Amino acid sequence: FDLTSKSVNLDEFKSLLVDRQPTPTNVASAQPATKHKKHKKQKPKLEYDDINKRIEKVLSQSDMYFNVKVDKVHYKSFDATNISAKINLLTDSLSVQNVHINHANGSIDLNASVSQNNDAHPFSLDANIKNVNISELFKGFDNFGMASLKYENITGIFSADIGITGNITKNINLKAN
């Protein structure tokens with residue numbers, strides 16, 4: 001799929017990290033047995049819950065591939081513009097490839113993946129950061145979880161090649177070892 005948008009708030013996509021649960025092949029609701037009553041046969045209603053279960057079943061058993069172009073992205077204190085990426089939403093993982101982001105007056109190019117098959121949610125990230133305002137970078141990434149070095153007390157222009165692996169929680173926070 002090719003997706004384009006003027007603006008995206010990533011808070012709305014946290015549900016992608018929820019473990020996908022296999023769904024039963026037959027979705028049926030149990031009816032309690034009744035004695036001594038005769039009922040007319042009724043056609044089963046296709047209820048909203050049933051439709052949601054069927055959609056979830058399809059999604060949990062599908063691999064989806066997206067080419068994305070977004071003008072602006074927001075997540076907590078992070079703001080970026082001119083975003084492009086290839087996103088692969090697989091049954092057991094999420095990967096983003098060939099990502100380009102303009103952030104903090106510079107640019108970030110990256111590839112990343114996160115596994116959804118256990119509670120640890122292991123991830124990997126490789127990034128090339130060019131000419132970003134270090135204070136804005138730290139602010140956008142919530143000081144990278146540090147209490148001693150904060151965006152309020154660091155200045156300058158930053159460039160780096162970075163490789164990171166670790167685990168994240170379902171709320172997209174780094175998980176302590």
Side-chain angles (χ1 to χ4, degrees), residues 1-23 52 55-146 149 151 154 157-177:
F1 299 101
D2 289 333
L3 302 174
T4 59
S5 179
K6 295 279 184 201
S7 181
V8 172
N9 183 342
L10 291 178
D11 283 319
E12 298 169 2
F13 292 89
K14 285 183 183 178
S15 64
L16 293 177
L17 287 180
V18 174
D19 293 332
R20 294 184 183 193
Q21 300 297 323
T23 55
N52 284 341
I55 290 171
E56 177 58 29
K57 178 183 174 191
V58 168
L59 292 177
S60 70
Q61 297 174 355
S62 299
D63 291 340
M64 293 178 267
Y65 303 90
F66 303 96
N67 293 311
V68 178
K69 290 189 183 206
V70 179
D71 292 342
K72 183 178 179 180
V73 167
H74 175 79
Y75 179 70
K76 294 183 179 179
S77 298
F78 178 83
D79 289 301
T81 58
N82 300 322
I83 298 93
S84 61
K86 292 183 179 184
I87 299 175
N88 302 322
L89 181 56
L90 308 177
T91 57
D92 63 350
S93 65
L94 169 69
S95 71
V96 289
Q97 304 297 315
N98 304 322
V99 178
H100 177 79
I101 300 168
N102 289 337
H103 173 67
N105 300 318
S107 66
I108 302 171
D109 294 303
L110 65 89
N111 293 301
S113 64
V114 62
S115 175
Q116 297 171 292
N117 58 7
N118 64 46
D119 289 337
H121 295 293
F123 75 92
S124 67
L125 175 124
D126 292 305
N128 176 268
I129 302 170
K130 294 179 190 170
N131 301 318
V132 298
N133 176 310
I134 191 76
S135 178
E136 290 299 313
L137 181 71
F138 268 63
K139 183 178 179 181
F141 286 93
D142 195 26
N143 298 314
F144 296 95
M146 295 187 285
L149 186 56
Y151 75 91
I154 189 170
I157 303 299
F158 178 73
S159 296
D161 289 321
I162 297 174
I164 301 172
T165 59
N167 299 307
I168 57 176
T169 66
K170 291 178 183 179
N171 292 323
I172 314 177
N173 295 314
L174 288 175
K175 193 170 187 176
N177 290 337

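All of these numbers come straight from a predicted model, not from anything done at the bench.
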What closest approach, in Å, do Leu90 and Asp63 show between heavy atoms, and which atom pair accounts for it? CA-OD1, 3.3 Å
Where do His103 and Glu136 come nearest, in terms of heavy atoms and distance? NE2-O, 3.7 Å
Do Asn111 and Asp126 have side-chain atoms, one donor and one acceptor, less than 3.5 Å apart? no
For Lys76 versus Asp11, what's the shortest heavy-atom pair and its separation? N-OD2, 4.2 Å
Could you give the distance from CG (Asn128) to CG (Asp109), rounded to the nearest 0.5 Å? 6.0 Å
Closest non-hydrogen atom pair, Gly140 against Phe78: O-CB, 3.3 Å
Counting only N and O atoms by type, is there a donor-acceptor contact under 3.5 Å from the side chain of Ser84 to the main-chain atoms of Lys69? no
Aromatic plane relationship, Phe1 with Phe66 - under 30° parallel, 30 to 60° tilted, over 60° perpendicular: parallel
For Ala127 and Ile108, which heavy atoms make the closest approach, and how far apart are they? CB-CG2, 4.4 Å
For the CD1 atom of Ile164 and the CG atom of Leu125, what is their distance to the nearest 0.5 Å? 5.5 Å
To the nearest 0.5 Å, how far apart are CZ in Phe141 and OH in Tyr75? 11.0 Å
Determine, step by step, whether Val68 and Ile83 satisfy the side-chain contact (heavy atoms from CB on, under 4.5 Å) criterion, reporting the C-alpha distance in whole Å, the side-chain angles of both residues, the deciding distance to 0.1 Å, and the verdict. CA-CA 8 Å; Val68 178; Ile83 298 93; 5.6 Å; no
Say whether, by atom type as modelled, one donor and one acceptor occur between the side chain of His121 and the main chain of Ser115 under 3.5 angstrom. yes
Reported CG-to-CD1 distance for the pair Leu137 and Ile154, which is rounded to 0.5 angstrom: 9.0 Å
Can you measure from CG (Asn102) to NZ (Lys130) and round to the nearest 0.5 angstrom? 11.0 Å
Grab the two heavy atoms, one from Met146 and one from Phe138, that are nearest each other, plus how far apart they are. CE-CE2, 3.4 Å
Under 3.5 Å: donor-acceptor pair, side chain of Ser159, backbone of Asn131: yes
If we ignore angles and hydrogens, is there a donor and acceptor under 3.5 Å between the side chains of His74 and Asp79? yes
Measuring from Phe123:CZ to Thr165:OG1, what's the distance to the nearest 0.5 Å? 7.0 Å
